Each structure stands twice: as C-alpha cells, then as structure tokens.
Amino acid sequence: MYEKIKAEVLAANLKLVDYGLVIFTWGNVSFYDRQAKVIAIKPSGVEYAAMQASDIVIVDLAGQVIEGELKPSSDLDTHLEIYRNFPKVNAVCHTHSKYATSFAQANRDIECLGTTHADYFFGPIKCTRKLTNVEIAGQYELNTGKVITETFQGNQLDIISCPAVLVANHGPFTVGTTVGGCVDNAKYLEEVAEMAINTYAIHPQASPAPTSLQDKHYYRKHGEGAYYGQGTTQG
C-alpha cells in the first residue's frame, strides 16, 4: 500500500552506504508522510545489502506498526519524538559516521570554523547534554529524542537552518524537509566534522569564522535572498 515511500526510504538508507557513512547495520533513515500520517523506517538489524523495499516498516506517530513483517529500527522512538516536536521536519537520519561521532564522544560542539560549514549549517552544530542514569535506564530512545528537542528549543535554534545535532557519547542525527536532503545533510555533517578535526590538529586554538562571513555564506544559499546555483538548495 505504501510502495512509493518504502522505495524512497530504502534508497535513502542505501545512500548512506554509498556515502560511506554506515557499515554493518549501523544507522537508519525514516520519512514522515504528514499527509498520510505514516512513517516509513528501516527495520532493526537488517544488513543493507540484503534489504528490500518490502522490508521497510510503516508505523503511525504513536509507533504502532501499520504495515511490515519486521521490527522497526530500535531508534524509532527518537525519530517519532523529533517529528512530534518539529512540524517542518519530514525525514530523520542517524549514523555512527566516524568524524561526527568523534565530536559526540568528546561531548563537543562543532563550531563554524569556515565557509564550508556555513554553506550548510547556520551556526555551531550542538552536542546535547549527557542523558542521566534514570533517562538511560528508562525509555532510552524516547529520552534521546527529548534531549535532542531540548537542545534545539533550549538554545533557540532553528532545526531547518542547522539540520544536525550530536547526541552526547552516541552519535549524529540529521533532519530534512525531504528524505534525500536529510541524507545529504548527514554527508555534509561528516565532511565538516572531518575538516574541523583537521583544523584543530593544525591549530588547536582555532576560533570560529567571523559572523559576517558565516552569515554571507549561509544566506547566499538559503532563504529569500539566495543567489547561489540555479535554484533551491535547501535540504
């Protein structure tokens, strides 16, 4: 019944492999069809090479399975919490990509050190606080979604302008208005994280780029006054 979105979500998950962002069964992508009020998400623990569109699980916003024989991703409740709190988000991606995860494990934001970062992310990419022992022992995946929400709302950040977050001691999540854009954001994030690590290796006291330069590069690609390229680039 949901063949189109299943095919799109399968393609997005396989794109993570093509981008070199996942190995084994790490990572997952979901898409929320807000008109149909269903979420399509990768099944839990299934190898990417063996995955088929029919394996993609369809659930509602409460997490109840509507269609599919396999269990949905173990990170489902994190995805659902993001969808419930951010109406503009239609896709969520989670990886354990090497460089972005290194920042998450260091409990460190990725500061905007240059224009490559500014082209895709407005301001620093924030790392959440650590989950408490109670949060970990309780509804862990739901609480991961809650701490992501807290990080954006508490810092008054626009999740579409900076569509990435690092969960402390865990890894990165990216979002998008489209499922393809969401996965692209994960690749942009990983490239920016690698550049930041290299920058700090060369100059440990490197400071963020001037705000005027950050703003110039972000707004020339995004928003009403954007003039880069031949059309919209917003993911």
Side-chain angles (χ1 to χ4, degrees), residues 9 13 16 21-34 37-46 55-98 100-110 124-160 162-176 179 182 185-186 189 193:
V9 170
N13 277 280
L16 292 180
L21 297 175
V22 298
I23 58 174
F24 305 118
T25 61
W26 303 359
N28 42 73
V29 181
S30 71
F31 171 68
Y32 184 15
D33 185 329
R34 290 185 178 271
K37 298 182 179 179
V38 296
I39 295 99
I41 192 167
K42 175 184 177 289
S44 179
V46 175
D55 295 326
I56 301 299
V57 186
I58 304 294
V59 303
D60 63 19
L61 197 56
Q64 297 300 308
V65 174
I66 295 173
E67 189 171 298
E69 300 297 322
L70 302 177
K71 293 192 302 181
S73 167
S74 58
D75 291 312
L76 172 63
D77 282 340
T78 305
H79 292 235
L80 296 179
E81 185 66 8
I82 294 171
Y83 291 135
R84 283 191 286 260
N85 284 280
F86 299 100
K88 294 181 181 179
V89 171
N90 299 321
V92 176
C93 173
H94 172 49
T95 76
H96 290 261
S97 59
K98 187 180 299 183
T101 299
S102 297
F103 273 94
Q105 292 182 167
N107 289 248
R108 183 169 177 175
D109 299 345
I110 304 176
I125 297 159
K126 302 296 289 185
C127 185
T128 71
R129 65 170 174 81
K130 294 185 177 185
L131 272 72
T132 67
N133 290 338
V134 171
E135 289 170 328
I136 294 168
Q139 293 179 290
Y140 170 65
E141 290 81 13
L142 175 63
N143 289 329
T144 298
K146 287 182 180 296
V147 79
I148 289 172
T149 300
E150 172 191 305
T151 299
F152 279 100
Q153 295 180 346
N155 290 283
Q156 297 183 320
L157 299 174
D158 177 19
I159 198 169
I160 299 301
C162 189
V165 65
L166 309 173
V167 176
N169 302 113
H170 186 170
F173 284 79
T174 59
V175 303
V179 70
C182 179
N185 288 336
L189 171 61

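Note that this is a predicted model, so its numbers are computed, not measured.
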* To do: Kindly say whether Gln64 contributes a backbone atom to a donor-acceptor pair with the side chain of Asp60 at under 3.5 angstrom?
  => yes
* To do: Find out whether Asn90 and Val179 are in side-chain contact, i.e. whether some heavy atom of one side chain is under 4.5 Å from a heavy atom of the other.
  => no
* Asked: Side chains of His96 and Thr101: is there a donor and an acceptor less than 3.5 Å apart?
  -> no
* Asked: Which residue pairs pass the salt bridge (Lys or Arg N to Asp or Glu O under 4.0 Å) test with at least one member in residues 150-159, sequence neighbours excluded?
  -> Arg129-Glu150
* Going by the angle between their ring planes, with limits at 30° and 60°, are His170 and Tyr140 parallel, tilted or perpendicular? -> parallel
* **Which atom of Pro172 lies closest to which atom of Leu166, heavy atoms considered** => CB-CD2, 3.9 Å
* Within a strict 4.5 Å, meaning less than it, do heavy atoms of the Leu70 and Val46 side chains meet? -> yes
* Do the side chains of Leu61 and Leu80 get nearer than 4.5 Å, heavy atoms only? -> yes
* **Nearest-0.5 Å distance that lies between atom CG in Leu189 and atom CZ in Phe103** => 9.5 Å
* To do: Taking atom types as modelled, find out whether Thr174 and Asn185 have a side-chain donor-acceptor pair closer than 3.5 angstrom.
  => no
* Structure fact -> Output for pair (Cys182 SG, Phe31 CZ), nearest 0.5 Å, gives 10.5 Å
* Asked: Is a donor on one side and an acceptor on the other found under 3.5 Å between the side chain of Asp109 and the backbone of Cys127?
  -> yes
* To do: Could you list all the salt bridge (Lys or Arg N to Asp or Glu O under 4.0 Å) pairs where at least one residue sits in residues 69-93, not counting sequence neighbours?
  => Glu81-Arg84, Glu81-Lys146
* Asked: Do you know the tightest heavy-atom contact between Thr95 and Cys93?
  -> CG2-SG, 3.9 Å
* Report yes if some heavy atom in the side chain of Val22 is under 4.5 Å from a heavy atom in the side chain of Ser97; otherwise report no. => no
* Asked: Does the side chain of Leu142 reach to within under 4.5 Å of the side chain of Thr78, using non-hydrogen atoms?
  -> no
* Asked: Take atom CD in Gln139; do more than 12 heavy atoms of anything else shown fall under 6.0 Å from it?
  -> no
* Give me the ring orientation class for His94 and Phe173: parallel if the planes are under 30° apart, tilted from 30 to 60°, perpendicular past 60°. => parallel
* Structure fact -> For Val147 and Leu131, the nearest pair of non-hydrogen atoms, with its separation, is CG1-CD1, 3.7 Å
* Asked: Does Tyr83 reach the main-chain N or O of Val92 with its side chain, forming a donor-acceptor pair under 3.5 Å?
  -> yes
* Which distance, rounded to the nearest 0.5 Å, do you find between the CG of Asn13 and the CD1 of Ile41? -> 8.5 Å
* Rounded to the nearest 0.5 Å, how far does NZ of Lys42 lie from OG of Ser30? -> 12.0 Å
* To do: Please confirm whether the backbone N or O of Gln105 pairs with a side-chain atom of Asn107, one donor and one acceptor, at under 3.5 Å?
  => yes
* Are any of the side-chain heavy atoms of Thr149 and Phe86 separated by less than 4.5 Å? -> yes
* Closest contact, heavy atoms only, Ile56 versus Ala40 -> CG2-CB, 3.9 Å
* **Closest non-hydrogen atom pair between Lys126 and Val165, with its separation** => O-CG2, 3.4 Å
